[in-house]
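The next block holds one structure in the form of structure tokens; read it before the comments.
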Amino acid sequence: MWLPPSWYREGMVSGSGYLRTKPIRPKKIVSGISASELIEETFLAYNAGRLREACRLFTRKMLGPDVTVGLSITGALTPAGLGMSSLIPLIESGFIDWIVSTGANLYHDTHFGIGLEMHVGNPQTSDVVLREEGVVRIYDIFFDYHVLLSTDAFFREVISAAEFQKEMSTAEFHHRIGKYVNEREKVLGLKNKSVLAAAYRCGVPVYTSSPGDSSIGMNVAAKALDGNQLRLDVCADVNETAAIVLEAKRAGGKSAVFICGGGSPKNFILQTEPQLQEVLGIAEKGHDYFLQITDARPDTGGLSGATPSEAVSWGKVDPDQLPGTVVCYCDSTIAVPLIAAYAIATRAPRKLKRLYDRREALMQRLRDEYEKTK
């Protein structure tokens, strides 16, 4: 059936505002295409589309000069090399201001900083055979069992120093550990191998929400049996992280969270707002920007309390800022390097906030505001 040209021009075009967005007309992928161009031009739908939105949210809003960016990391990201490839460049560019991590990520990060190696492996290899040959497996990452023993020995030796014989927040603990790892890198002629060392150099505080749940915590516990006086103060962690968020807002800026995975660090970075509002009684509205990379689902409980809209009900996210939230259902080992590449290619470095150096001043503001609520 013949149709007039006007039908194609007009008959199939709706007046709906929903059809005024960018048409799906991707450019052909060619040799030499950059990561940022690939994302902008070809990541148009499904979770590729969400990843494109994540890159835009991170670079266009979260990296504003007045925004304080907190990162949470779970899953074995540092053994997979994401510390070296992505997190250290983000830290050094001033794109990450504070961190909440599992202890495991920081423990495995230390391997690299003290000159130990991890290797690409095959997940189909027999674990019985690997055990017989003294090889430890994290899915498709292989390393010698002595890497664990050497790293344990490093931590036990370091925390025997006089400067560790007291109670401290995990941020102070990791800052002091980072100093030793940084010096070890220098002695070995290494550069940019450890997130802890980079965080130490850049004044980025690093917290662990469950300090006993890792090999680092296990070694701290072992030394306690020998009379070591190191104690990790979880109350200081809760209040210091809340103070960071409060300062971001009271200084006329905004607070952003970049959540990689879930687990305890996810909740710990988000609970800063309920700590301010619900527990301390300080007037606040929630985080301004929310970016999450996850493969969990809310209906099975794996993403409980951490979708942006659900987080609004807890006071974790400012309801007026819901348009500034993105959840990308993707593997962090895929998404994080792409987001880092996009950000480094499209944004100039920011001035380091060096929040670790300002902890006491931030805590004083928190104390002052809390006193006013009594």
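Ionic pairing of Lys27 and Glu40 is not present here: no N-O contact between side-chain nitrogen and carboxylate oxygen is shorter than 4.0 angstrom. Ion pairing between Arg367 and Glu360 holds under the 4.0 Å rule for side-chain N and carboxylate O.
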Chi angles and distances behind the side chain to side chain contact (heavy atoms under 4.5 Å, CB included) call for Leu276, Leu366
CA-CA 9 Å; Leu276 292 172; Leu366 182 75; 3.6 Å; yes

Passes side chain to side chain contact (heavy atoms under 4.5 Å, CB included), Val147 versus Val136? Steps please.
CA-CA 9 Å; Val147 167; Val136 181; over 6 Å; no

Before you tell me yes or no, could you show the steps for Ile159 and Ile177 under side chain to side chain contact (heavy atoms under 4.5 Å, CB included), namely the whole-Å CA-CA distance, both residues' side-chain angles and the distance that decides it to 0.1 Å?
CA-CA 8 Å; Ile159 65 178; Ile177 291 292; 4.2 Å; yes

Run the side chain to side chain contact (heavy atoms under 4.5 Å, CB included) test on Thr373 and Leu280 for me, step by step, so that the C-alpha distance in whole Å, both residues' side-chain angles and the decisive distance to 0.1 Å come before the verdict.
CA-CA 8 Å; Thr373 68; Leu280 300 181; 5.8 Å; no

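Residues Phe290 and Leu57 approach most closely at O-CD2, 3.6 Å, considering heavy atoms. Looking at every heavy atom in both residues, Pro265 comes nearest to Ile73 through CG-O, 3.9 Å. Smallest separation of non-hydrogen atoms from Tyr107 and Leu148: OH-O, 3.1 Å. Closest approach of Ile138 to Met118, counting heavy atoms only: CD1-CE, 4.1 Å. Considering all non-hydrogen atoms of both residues, Tyr370 and Ile282 come closest at N-CD1, 4.0 Å. Nearest heavy-atom pair across Ser72 and Ile269 is N-CD1, 3.9 Å.
A single hydrophobic cluster is seen to contain both Val195 and Ile344, as judged by linkage of ILVMFWY side chains at heavy-atom distances under 4.5 Å, directly or through other members. Put simply, Leu130 and Tyr145 are part of two different groups of oily side chains (I, L, V, M, F, W, Y) that touch within less than 4.5 Å, one to the next. The hydrophobic clustering, which links ILVMFWY residues whose side-chain heavy atoms are closer than 4.5 Å, places Val158 and Ile114 together. One hydrophobic cluster holds both Met168 and Val204 under the rule that ILVMFWY side chains link at heavy-atom gaps under 4.5 Å.
Residue pairs satisfying the salt bridge (charged side-chain N to carboxylate O under 4.0 Å, His left out) criterion with at least one member in residues 147-159, sequence neighbours excluded, are absent. Sorted by first and then second residue, the side chain to side chain donor-acceptor pair (under 3.5 Å) pairs involving residues 82-92 (not counting sequence neighbours) are Glu92-Arg201. A side chain to side chain donor-acceptor pair (under 3.5 Å) check over residues 118-135, counting only residues at least two apart or in different chains, returns the pairs Asp127-Arg137. Pairs engaging residues 205-243 under the ring-ring contact (aromatic ring centres under 6.0 Å, His included) rule: none recorded [sequence neighbours left out]. Sorted by first and then second residue, the ring-ring contact (aromatic ring centres under 6.0 Å, His included) pairs involving residues 176-203 (not counting sequence neighbours) are His175-Tyr200.
Considering CD of Glu163 and CZ of Phe173, their distance stands at 10.5 Å, rounded to 0.5 Å. Remark: Leu82 CG to Ile334 CD1 distance equals 10.5 Å, nearest 0.5 Å. Interatomic distance, CZ of Phe143 versus CG of Leu116, reported as 10.5 Å (0.5 Å rounding). Atom-to-atom distance recorded for Arg52:CZ and Cys328:SG is 13.0 Å, nearest 0.5 angstrom. The CZ atom of Arg56 sits 11.0 Å away from atom CD1 of Ile39, with the distance rounded to the nearest 0.5 Å.
Annotation for Gln165: atom CD counts as buried by contact number, over 12 foreign heavy atoms lying within 6.0 Å. When the shell of 6.0 Å around CE of Met218 is examined, it contains 12 or fewer heavy atoms from other residues, nucleotides or ligands.
Between Asp331 and Asp295, the closest side-chain pair of non-hydrogen atoms is not below 4.5 Å. Two residues are said to be in side-chain contact when any heavy atoms from C-beta on lie closer than 4.5 Å; Thr325 and Val327 fail this criterion. When side chains are defined from C-beta on, Glu273 counts as touching Lys249, because their heavy atoms get closer than 4.5 Å. Contact check for Trp98 versus Val245: side-chain heavy atoms found under the 4.5 Å cut-off. The closest side-chain heavy-atom distance from Arg250 to Glu284 is below 4.5 Å.
For Arg50, the side chain to side chain donor-acceptor pair (under 3.5 Å) partners at least two apart in sequence or on another chain are Glu53. Scanning for side chain to side chain donor-acceptor pair (under 3.5 Å) contacts around Thr102 gives Asn105, with sequence neighbours left out. With sequence neighbours excluded, the residues that form a side-chain contact (heavy atoms from CB on, under 4.5 Å) with Ala256 are Met62, Val67, Val69, Tyr289. For Leu190, the side-chain contact (heavy atoms from CB on, under 4.5 Å) test picks out Glu185, Leu188, Lys193, with sequence neighbours left out. Taking Lys353 as the reference, Asp97 meet the salt bridge (Lys or Arg N to Asp or Glu O under 4.0 Å) condition, with sequence neighbours excluded. With sequence neighbours left out, Glu371 forms a side chain to side chain donor-acceptor pair (under 3.5 Å) with Lys374.
Using a distance-only test at 3.5 Å, with no hydrogens or angles considered, no donor-acceptor pair links the side chain of Asp226 to the main chain of Asn228. Without hydrogens or angle criteria, Asp288 side chain to Lys254 main chain gives no donor-acceptor distance under 3.5 Å. Using a distance-only test at 3.5 Å, with no hydrogens or angles considered, no donor-acceptor pair links the side chain of Asp357 to the main chain of Gly203. At least one donor-acceptor pair under 3.5 Å links the side chain of Arg347 to the backbone N or O of Leu63. With Asn219 contributing its side chain and Ser215 its backbone, the two residues share a donor-acceptor pair below 3.5 Å. Between the Gln229 side chain and the Gly227 main chain, a donor and an acceptor come within less than 3.5 Å of each other. A donor-acceptor pair is defined here as one N or O able to donate and one able to accept, closer than 3.5 Å; such a pair exists between the side chain of Thr170 and the backbone of Thr208.
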Residues 41-49, side-chain donor-acceptor partners within the protein, below 3.5 Å, at least two apart:
unit_1 : atom_1 : unit_2 : atom_2 : d
Thr42  : OG1    : Leu38  : O      : 2.6
Asn47  : OD1    : Tyr329 : N      : 3.2
Asn47  : ND2    : Tyr329 : O      : 3.1

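Side-chain atoms of Asp233 and Ser169 include no donor-acceptor pair closer than 3.5 Å. A donor atom on one side chain and an acceptor atom on the other are not found under 3.5 Å apart for Lys266 and Thr74. Under the 3.5 Å distance criterion, with hydrogens and angles disregarded, a donor-acceptor pair is assigned to the side chains of Thr272 and His287.
A centroid separation of 6.0 Å or more is found between the aromatic rings of His108 and Phe112.
Screening Leu291, Leu87, Ile259, Val206 for a side-chain contact (heavy atoms from CB on, under 4.5 Å) with Leu71, the sole residue that qualifies is Leu87.
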